[in-house]
Amino acid sequence: MNNLESKKALLIVDLQYDFLPGGKLAVPDGDQVIPIINTLQTSFDLVVATQDWHPSGHLSFASSHPDHKPFEVINLGGMEQVLWPDHCIQGSKGAMLSEHLHQNRIAAVFRKGTHLETDSYSGFYDNGKKYTTGLASYLREMGVTDVYVCGLAADYCVYYTAKDARANGFETYYITDATRFIASETYEQAISDLSGIGVRMISSDEL
Ligand code: VGL
Ligand code: ZN
């Protein structure tokens with residue numbers, strides 16, 4: 001794995017209290033990835049994190065749509081939108097990265113989901129690709145060639161972040177044991193989509 005021409009970045013997606021057990025949108029067993037990711041960090045040239053960071057009243061929240069309940073799907077700005085419980089509100093405890101995640105080696109944190117009217121699963125763009133977070137330019141400027149994606153949730157933000165990393169031309173790896181999903185159906189779909197576009201599935205013990 002030690003190719004001198006490559007520069008590997010670890011992208012830690014949304015390791016925030018609201019996605020961990022006890023959080024507003026808890027991912028089952030989400031906390032189990034933290035020790036794995038802490039160990040992994042030392043094998044990378046660059047470690048970057050993303051942070052879901054919604055204003056209150058965000059239109060991805062079921063609470064913003066009085067006729068709907070969490071996990072229902074609506075049409076929002078021409079796209080299918082799953083309605084979520086309120087989560088990761090800017091400045092709240094639930095939006096903080098877990099204190100159990102080692103953060104000393106995190107060089108930058110990219111915040112997403114900040115536009116009221118549009119959701120953003122990917123760390124690179126919002127779902128309608130109207131706005132960029134600057135992550136792709138940053139990784140390129142840092143000379144990164146290979147991106148390894150982990151964190152929460154496997155079937156939403158980790159999936160879309162891996163997809164966009166690949167679309168941006170990075171050699172992309174999805175670390176299967178360093179992520180957990182919200183639902184098994186969406187997870188199966190995500191894995192098959194990613195495999196179809198050349199994202200490689202890898203386990204942390206191969207790193
Ligand atoms: C996420 C749903 C809503 C995630 C973020 O981090 O996977 N999922 N917002
Ligand atoms: Zn969100």
Side-chain angles (χ1 to χ4, degrees), residues 10-34 37 48-65 68-77 79-98 101 106 109-131 133 135 147 149-165 172 174-176 178-191 193-194 199:
L10 181 67
L11 207 46
I12 305 171
V13 175
D14 299 0
L15 261 185
Q16 296 163 262
Y17 286 111
D18 273 343
F19 297 123
L20 293 167
K24 300 268 184 45
L25 179 43
V27 179
D29 297 329
D31 53 335
Q32 292 180 13
V33 305
I34 298 176
I37 293 173
V48 177
T50 66
Q51 191 171 24
D52 210 35
W53 195 250
H54 299 305
S56 58
H58 193 263
L59 294 190
S60 76
F61 297 167
S63 63
S64 303
H65 308 270
H68 293 280
K69 294 195 180 65
F71 304 105
E72 285 181 13
V73 179
I74 63 161
N75 182 304
L76 184 64
M79 286 176 297
E80 281 196 354
Q81 174 68 51
V82 180
L83 294 176
W84 304 108
D86 289 21
H87 64 279
C88 297
I89 296 190
Q90 297 171 351
S92 67
K93 172 80 194 282
M96 287 173 58
L97 298 183
S98 168
L101 175 68
I106 298 177
V109 179
F110 286 79
R111 290 176 168 168
K112 63 188 181 62
T114 56
H115 300 278
L116 192 75
E117 79 288 359
T118 178
D119 210 357
S120 187
Y121 295 146
S122 161
F124 291 87
Y125 319 100
D126 64 286
N127 294 359
K129 293 210 165 70
K130 196 162 148 198
Y131 310 100
T133 60
L135 177 56
V147 172
V149 188
C150 63
L152 302 171
D155 41 345
Y156 286 93
C157 292
V158 177
Y159 162 45
Y160 284 95
T161 299
K163 194 175 165 115
D164 286 341
T172 307
Y174 180 102
I175 312 173
T176 51
T179 184
R180 291 292 184 281
F181 56 76
I182 293 176
S184 58
E185 303 75 42
T186 40
Y187 176 68
E188 299 302 333
Q189 184 63 54
I191 295 296
D193 267 22
L194 292 176
V199 171

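The structure displayed is predicted, hence computed values, not measured ones. Both ligands and their constituent atoms are indexed starting at 1 by order of listing.
Note: Trp84 and His87 have perpendicular aromatic rings, judged against thresholds of 30 and 60 degrees for the angle between ring planes. Between Tyr121 and Tyr156, the two ring planes are perpendicular [angle over 60°; tilted spans 30° to 60°].
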side-chain contact (heavy atoms from CB on, under 4.5 Å) assessment of Leu152 paired with Leu15: CA-CA 6 Å; Leu152 302 171; Leu15 261 185; 3.6 Å; yes

Step-by-step side-chain contact (heavy atoms from CB on, under 4.5 Å) determination, Leu76 to Asp119: CA-CA 9 Å; Leu76 184 64; Asp119 210 357; 5.8 Å; no

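When only modelled atom types and interatomic distance are considered, Tyr125 and Asp164 share no side-chain donor-acceptor pair under 3.5 Å.
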Please tabulate, for the side chains in residues 19-34, all donor-acceptor contacts under 3.5 angstrom to protein atoms that are two or more places apart in sequence or on a different chain.
from  : atom 1 : to     : atom 2 : distance (Å)
Asp29 : OD1    : Gln32  : NE2    : 3.4
Gln32 : OE1    : Arg180 : NH2    : 3.4

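Here the closest heavy-atom approach between residue Gly113 and residue Ser120 is recorded as N-CB, 3.5 Å.
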Tabulated below should be the N or O atoms of ligand 1 paired with protein N or O atoms at under 3.5 Å; can you produce that?
from     : atom 1 : to     : atom 2 : distance (Å)
ligand 1 : 6 (O)  : Asp14  : OD2    : 2.6
ligand 1 : 6 (O)  : Leu152 : O      : 3.4
ligand 1 : 7 (O)  : Ala153 : N      : 3.0
ligand 1 : 7 (O)  : Cys157 : N      : 3.1
ligand 1 : 9 (N)  : Asp52  : OD2    : 3.1
ligand 1 : 9 (N)  : His87  : NE2    : 3.1

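Remark: Phe181 engages Tyr187 in a ring pair (Phe, Tyr, Trp, His ring centres under 6.0 Å) (not counting sequence neighbours).
Inspection of the environment of the Zn ion (ligand 2) yields the following protein N, O or S atoms under 2.8 Å: Asp52 OD2, His54 NE2, His87 NE2.
Between Gln16 and Asp52 there is a side-chain heavy-atom pair separated by less than 4.5 Å.
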